[in-house]
Amino acid sequence: MRQISFFSVEASGPRLSDLAGVLCAQGRPTAFGRTAARLQVVVEQPWRARLLAAELAWRGVRVTLTRAECGSPLVRTAFQVDLLPMANAWLDGDEKVVPPGFRLDGGMLRLWALAAGRNESRGYFFPFDPEVPQTHAPLTAALAAAGVPGQVVGPRGGGPAVRVTGRRRLDTLTELIGDPPPGAEALWPGGAIETPVENPAAAMA
């Protein structure tokens, strides 16, 4: 019988705290005074936006899908009072920071993977927010503490990101983040390395 890690998404179930995974990637928090906050993240592909929106809705978060000024898909939550503690923890003034003592779990890793993760022949990539380099070192340490240590790679190597390699580490990562949502199989660690299609059902027709 397969043992489930205490820190896996299967063991913990969907939680609001999972949204921190979006902030580990290129997501940004915005606090509205002391009353509410929202998160938003620009993603590269529309399928990422749709899958993220579904995952956030499953966690009780209202989501709007729109376009950023650059034309890329934008996932934006509504202002909610229950998002305020997370936003305050990840903000130092207007600057995004990693909270002291931050620990990753399977739910956070799952949303980080959906927001930006890449499965390549060279390993599994967890991209950082390129505009906030001071978050890279603490997030690298948090990945290692979660049991999936990796190598930091710069822009020339496909980063800024952490690249996780090795069958044991990738198996640990897969156990933590659970099964992929439909349409994201190629994105997941160990999946066939190909570009996920926009409409898997249509592609099979």
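Source: prediction; values computed, not measured.
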Asker: Angle between ring planes, Phe102 versus Trp90, binned at 30° and 60°: parallel, tilted or perpendicular?
Answerer: perpendicular
Asker: Arg59 and Pro14: which non-hydrogen atoms are nearest, and at how many Å?
Answerer: CG-CB, 3.8 Å
Asker: Begin from the C-alpha positions of Leu111 and Leu19 and carry the test side chain to side chain contact (heavy atoms under 4.5 Å, CB included) through to its verdict.
Answerer: CA-CA 7 Å; Leu111 294 192; Leu19 272 67; 4.2 Å; yes
Asker: How far apart are the closest heavy atoms of Thr172 and Gly147, and which atoms are they?
Answerer: CG2-O, 3.8 Å
Asker: Once you round to the nearest 0.5 Å, how far does SG of Cys24 lie from CE of Met108?
Answerer: 7.5 Å
Asker: Between the side chain of Ser72 and the main-chain N/O of Ala68, is any donor-acceptor distance below 3.5 Å?
Answerer: no
Asker: In the structure I gave you, are the side-chain heavy atoms of Leu23 and Trp112 within less than 4.5 Å of one another anywhere?
Answerer: no
Asker: Quick one: ring-ring contact (aromatic ring centres under 6.0 Å, His included) partners of Phe125, sequence neighbours excluded?
Answerer: none
Asker: Check whether any side-chain heavy atom of Leu114 sits under 4.5 Å from a side-chain heavy atom of Pro181, and report yes or no.
Answerer: yes
Asker: Quick check for you: to the nearest 0.5 Å, what is the distance between Lys96 atom NZ and Arg28 atom CZ?
Answerer: 5.0 Å
Asker: Please report the shortest heavy-atom distance between Asp129 and Gly27, naming the atom on each side.
Answerer: OD2-O, 4.2 Å
Asker: Leu16 and Leu109: same hydrophobic cluster, using ILVMFWY side-chain contacts below 4.5 Å?
Answerer: yes
Asker: For residues Trp47 and Val43: do they belong to one hydrophobic cluster (side chain heavy atoms under 4.5 Å, members Ile, Leu, Val, Met, Phe, Trp, Tyr)?
Answerer: yes
Asker: Given a cutoff of under 4.5 Å between side-chain heavy atoms of I, L, V, M, F, W and Y, with clusters grown through shared members, what are the other residues clustered with Val81?
Answerer: none
Asker: Hey, mind stepping through Arg48 and Leu187 against side chain to side chain contact (heavy atoms under 4.5 Å, CB included) and telling me if it holds?
Answerer: CA-CA 10 Å; Arg48 285 189 189 271; Leu187 166 69; 3.7 Å; yes
Asker: How far apart are the C-alpha atoms of Thr77 and Gln40, what are their side-chain angles, what is the distance that settles it, and do they pass the side chain to side chain contact (heavy atoms under 4.5 Å, CB included) test?
Answerer: CA-CA 6 Å; Thr77 76; Gln40 62 182 24; over 6 Å; no
Asker: Would Tyr124 and Trp188 count as a close aromatic pair, with their ring centres under 6.0 Å?
Answerer: no
Asker: Should Val22 and Leu65 be regarded as members of a common hydrophobic cluster, given that ILVMFWY residues are connected when their side-chain heavy atoms come within less than 4.5 Å of each other, either directly or indirectly?
Answerer: yes
Asker: When you compare the side chains of Gln151 and Arg163, does any donor N or O come within less than 3.5 Å of an acceptor on the partner?
Answerer: yes
Asker: Hey, quick one: are Val63 and Leu51 part of the same hydrophobic cluster, counting side-chain heavy atoms closer than 4.5 Å, chains of contacts allowed?
Answerer: yes
Asker: May I ask you to decide if Asp179's main-chain N or O and Arg110's side chain share a donor-acceptor pair within less than 3.5 Å?
Answerer: yes
Asker: To check you understand the geometry: which heavy-atom pair defines the closest contact between Thr135 and Val132, and what is its length?
Answerer: OG1-O, 2.7 Å
Asker: Measuring only between side-chain heavy atoms, which start at C-beta, is Asp105 closer than 4.5 Å to Asp18?
Answerer: yes
Asker: Side chains of Thr35 and Leu84: closer than 4.5 Å at any heavy-atom pair?
Answerer: no
Asker: Any link between Val153 and Leu143 through a network of hydrophobic side chains (Ile, Leu, Val, Met, Phe, Trp, Tyr) touching at under 4.5 Å?
Answerer: no
Asker: Answer whether the closest heavy-atom distance between the side chains of Pro127 and Gln26 falls below 4.5 Å.
Answerer: no
Asker: Can you tell me how far CD of Glu131 sits from CD of Glu95, rounded to the nearest 0.5 angstrom?
Answerer: 11.5 Å
Asker: Rounded to the nearest 0.5 Å, what's the gap from CZ on Arg62 to CG on Leu83? Could you check?
Answerer: 9.0 Å
Asker: Before giving the answer on side chain to side chain contact (heavy atoms under 4.5 Å, CB included), spell out for Met86 and Leu39 the whole-Å C-alpha distance, their side-chain angles and the decisive distance to 0.1 Å.
Answerer: CA-CA 9 Å; Met86 181 181 299; Leu39 308 182; 3.9 Å; yes
Asker: Once you round to the nearest 0.5 Å, how far does CG of Asn119 lie from CD of Glu185?
Answerer: 12.0 Å
Asker: Can you name the closest pair of heavy atoms from Arg38 and Arg76 and give their distance?
Answerer: NH1-CD, 3.6 Å
Asker: More than 12 non-hydrogen atoms from neighbouring residues, nucleotides or ligands closer than 6.0 Å to CD on Gln134, yes or no?
Answerer: yes
Asker: Mind checking whether Asp171 and Arg167 have side chains closer than 4.5 Å, heavy atoms only?
Answerer: yes
Asker: How close do Ala89 and Pro99 get, counting heavy atoms only, and between which atoms?
Answerer: O-CG, 3.5 Å
Asker: How does the hydrophobic cluster around Val42 look, that is, which other residues are in it when side-chain heavy atoms under 4.5 Å mark a link?
Answerer: Leu74
